[in-house]
Amino acid sequence: MSELTVAAGLARGLTDLAVSKGALESELLAAAGIAREDLDDVDNRVPFPKYVMLMRAGQRLSHDPALALHYGETNDMARISVVGLIAYACETMLEAMAQLNRYGRLVVEFDGPKNRFSVEPRDGGLWAVDNRENPNEFPELTESTIARMICGPRRFGVEQIAKAVHVTHKAPAYRDEYARIYRCPVTFESNWNAALLDERWLGHKISVEPRYVFGILTERADALIKELENSKSTRGRVESLLMPILHKGDAGMDAIAEKMGVSRQTLFRQLKAEGMTFEKVLDELRFKLALQYLKAKKVSVNETAYLVGFSEPAAFSRAFKRWTGMSPRDARAVNGGEASRM
């Protein structure tokens, strides 16, 4: 669980709700170990355990034990993630559910299969099943997710998408809130977390946004998914640790291994298993960042050399010519710096 994350937008939305109910923001974030600036970019990632602490602190400081239910009821996902915006650009409710499942990891990473939800026929009905493992360790996520699943479509004119709900956790003291928010029978201590779908609403038209927006948003979501997957690899972790220290010129393998809490030999083996070496990761990162700096034209060639870790501009120029076959000044002049590796 410690390696899982949630979108900063999700944590920020929860923080705003708790504050609106009387919690003090500084006390709330301190209790969760979250810095306010970490929530400024909705696409930033917050460790899952910190989100759990944020929820628990929010319940306590806002005096609302049903905070998770109320978060799912009132929060518009379009305000916290590109995933919610994608739903607004879908043609039908069924397509929106499929896309929310496809990109759900951008909102909340979870322990379990690739797709958190599956749609399964059972007892003559169609059920949306939450496949998260160990759900009772944090039942608030079940509460908020199902509340969002039911209440979100009401913004699209879907009166009631669920005919029944099953949850694996025990009934809380605020079980009456389940009835008010879900508007359907709820079975507690069930053997699964699932909602029985009213199939009449699956073909309901949405298309709040023009269809061309769908392609733009899914392209952005695909890029974020790739970034998230890369961050789980050893290469991704090395790159994330290298970026803030490249300009210091001490981006060595020993320093990165120490930051990762592993030996140099272990880091070598982990990178080798991914078909990489530390030197190649460093070299390719420098190349990528150099292109970005030169394309933006906000810093000079000499400043670019410094920012990507070269102590001498001449050494940077030699490396850049090795990467692209041209000098950094020539690359900057051609197509706004859009050079390619030759």
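- The hydrophobic cluster containing Leu271 also contains Val262, counting ILVMFWY residues as joined when their side-chain heavy atoms lie under 4.5 angstrom apart, directly or transitively.
- For the pair Cys151/Tyr182, no side-chain contact is recorded, criterion being any heavy-atom separation below 4.5 Å from C-beta on.
- In this structure, Gln160 contributes its side chain and Ala162 its backbone to a donor-acceptor pair below 3.5 Å.
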Next on the checklist: Before you tell me yes or no, could you show the steps for Arg12 and Thr15 under side-chain hydrogen bond (donor to acceptor under 3.5 Å, both in side chains), namely the whole-Å CA-CA distance, both residues' side-chain angles and the distance that decides it to 0.1 Å?
Outcome noted: CA-CA 5 Å; Arg12 189 169 77 182; Thr15 299; over 6 Å; no
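- When side chains are defined from C-beta on, Leu224 counts as touching Asp43, because their heavy atoms get closer than 4.5 Å.
- With contacts defined as side-chain heavy-atom distances shorter than 4.5 Å, the pair Pro328/Ser317 qualifies.
- Interatomic distance, Arg148 CZ to Asp76 CG, rounded to the nearest 0.5 Å: 9.5 Å.
- In terms of heavy-atom proximity, Pro121 sits nearest to Leu126 at N-CD1, 4.0 Å.
- In this structure, Glu219 places its CD atom where only 12 or fewer heavy-atom neighbours from other residues, nucleotides or ligands lie under 6.0 Å away.
- Phe214 and Leu106 fall within the same hydrophobic cluster, where Ile, Leu, Val, Met, Phe, Trp and Tyr residues are linked whenever their side-chain heavy atoms come under 4.5 Å apart, directly or through other members.
- Using cut-offs of 30° and 60° for the angle between ring planes, the Phe138 and Phe48 rings count as perpendicular.
- Summarising the geometry, atom CE belonging to Met97 is positioned 6.5 Å from atom CG belonging to Leu202; distances are rounded to the nearest 0.5 Å.
- In terms of heavy atoms, Leu28 sits closest to Ala18 at CD2-CB, 3.8 Å.
- Ring pair Tyr178/His169 is tilted by interplanar angle, where 30° to 60° counts as tilted.
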Checklist entry - What do the steps show when you test Glu159 against Arg183 for salt bridge (Lys or Arg N to Asp or Glu O under 4.0 Å), and what is the final call? => result CA-CA 10 Å; Glu159 295 176 8; Arg183 300 182 191 174; over 6 Å; no
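- Classification of Asp38 and Lys50 as a salt-bridged pair fails, no side-chain N sitting under 4.0 Å from a carboxylate O.
- Atom-to-atom distance recorded for Leu67:CG and Met55:CE is 5.5 Å, nearest 0.5 angstrom.
- The backbone N or O of Asp130 lies less than 3.5 Å from no partner atom in the side chain of Asn193, so there is not a single donor-acceptor pair.
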Next on the checklist: Show, in sequence, the C-alpha distance, side-chain angles and deciding distance for Glu25 and Arg36, and conclude whether the salt bridge (Lys or Arg N to Asp or Glu O under 4.0 Å) test is met.
Outcome noted: CA-CA 9 Å; Glu25 183 181 274; Arg36 185 62 182 84; 3.3 Å; yes
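- Remark: side-chain polar atoms of Lys205 are not paired, donor with acceptor, to backbone N or O of Thr92 under 3.5 angstrom.
- No more than 12 heavy atoms of other residues, nucleotides or ligands lie within 6.0 Å of CZ in Arg79, so this atom counts as exposed by the packing criterion.
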Item to check | Worked check of side-chain hydrogen bond (donor to acceptor under 3.5 Å, both in side chains) between Ser190 and Thr187 | outcome: CA-CA 6 Å; Ser190 177; Thr187 300; over 6 Å; no
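- Atom-to-atom distance recorded for Arg220:CZ and Tyr103:OH is 12.5 Å, nearest 0.5 angstrom.
- The main-chain N or O of Arg235 is found under 3.5 Å from a side-chain atom of Glu274 such that the two form a donor-acceptor pair.
- Leu217 is listed as a side-chain neighbour of Ile86, based on a closest heavy-atom distance under 4.5 Å.
- Checked against Val108 for a side chain to side chain contact (heavy atoms under 4.5 Å, CB included), the options Thr145, Val6, Thr5, Leu4 give a single hit: Val6.
- Taking CD of Glu133 as the start and CZ of Arg116 as the end, the distance is 12.0 Å to the nearest 0.5 Å.
- Counting all heavy atoms, side chain and backbone alike, Asn131 lies closest to Ser118 at ND2-OG, 3.3 Å.
- Using bins of under 30°, 30° to 60° and over 60° for the plane-to-plane angle, the ring pair Trp323/Phe310 lands in the perpendicular bin.
- Within 6.0 Å of OH on Tyr174 lie more than 12 heavy atoms contributed by other residues, nucleotides or ligands.
- A donor-acceptor pair is defined here as one N or O able to donate and one able to accept, closer than 3.5 Å; no such pair exists between the side chain of Arg132 and the backbone of Phe110.
- Residue Glu258 qualifies as open at atom CD: its count of foreign heavy atoms under 6.0 Å is 12 or below.
- The closest side-chain heavy-atom distance from Trp192 to His166 is below 4.5 Å.
- A salt bridge does not link Lys163 with Asp198: every distance from a Lys NZ or Arg NE/NH1/NH2 to an Asp or Glu carboxylate oxygen is 4.0 Å or more.
- Here the side chain of Tyr71 pairs a donor or acceptor atom with the backbone of Leu10 at under 3.5 angstrom.
- Heavy-atom contacts from other residues, nucleotides or ligands closer than 6.0 Å to CZ of Arg154 number more than 12.
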Item to check | Verdict with reasoning, Leu267 to Met253, per side-chain contact (heavy atoms from CB on, under 4.5 Å) | outcome: CA-CA 8 Å; Leu267 178 55; Met253 188 172 183; 4.0 Å; yes
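- A donor-acceptor pair under 3.5 Å links the side-chain atoms of Asn101 to the main chain of Phe117, judged by distance alone.
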Item to check | Worked verdict on Ile256 versus Leu242 for side-chain contact (heavy atoms from CB on, under 4.5 Å) | outcome: CA-CA 7 Å; Ile256 297 301; Leu242 280 171; 3.9 Å; yes
Checklist entry - Does the ring pair (Phe, Tyr, Trp, His ring centres under 6.0 Å) test come out yes or no for Tyr306 and Phe316, once each step is laid out? => result CA-CA 9 Å; Tyr306 165 76; Phe316 171 60; over 10 Å; no
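- Taking CE of Met326 as the start and CZ of Arg332 as the end, the distance is 14.5 Å to the nearest 0.5 Å.
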Checklist entry - For Lys21 and His63, what are the C-alpha separation, side-chain angles and deciding distance, and is it a side-chain contact (heavy atoms from CB on, under 4.5 Å)? => result CA-CA 8 Å; Lys21 289 176 172 286; His63 306 288; over 6 Å; no
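- A donor-acceptor pair is defined here as one N or O able to donate and one able to accept, closer than 3.5 Å; no such pair exists between the side chain of Gln99 and the backbone of Glu95.
- Contact annotation: the side chain of Glu303 never approaches that of Tyr293 to less than 4.5 Å [non-hydrogen atoms, C-beta and beyond].
- Counting non-hydrogen atoms of neighbouring residues, nucleotides and ligands closer than 6.0 angstrom, the CD atom of Glu189 exceeds 12 such neighbours.
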Next on the checklist: With salt bridge (Lys or Arg N to Asp or Glu O under 4.0 Å) as the criterion, how do Glu284 and Lys288 come out once you've worked through the C-alpha distance, each side chain's angles and the decisive distance to 0.1 Å?
Outcome noted: CA-CA 6 Å; Glu284 293 186 355; Lys288 179 176 68 175; over 6 Å; no
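- No continuous path of hydrophobic side-chain contacts links Val129 to Ile161 [ILVMFWY only; heavy atoms under 4.5 Å].
- Hydrophobic clustering keeps Ile146 apart from Trp127 (ILVMFWY residues linked when any side-chain heavy atoms are closer than 4.5 Å, directly or through intermediates).
- Using a 4.5 Å cut-off on side-chain heavy atoms (C-beta onward), Glu109 and Arg45 make contact.
- Hydrophobic clustering keeps Val42 apart from Leu17 (ILVMFWY residues linked when any side-chain heavy atoms are closer than 4.5 Å, directly or through intermediates).
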Next on the checklist: Between Val46 and Leu54, is the side-chain contact (heavy atoms from CB on, under 4.5 Å) condition met? List the steps.
Outcome noted: CA-CA 11 Å; Val46 173; Leu54 182 68; over 6 Å; no
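- Remark: the backbone N or O of Gly58 is paired with a side-chain donor or acceptor of Ser62 at under 3.5 angstrom.
- Across all their heavy atoms, Val82 and Ala221 have their closest contact at CG1-CB, 4.2 Å.
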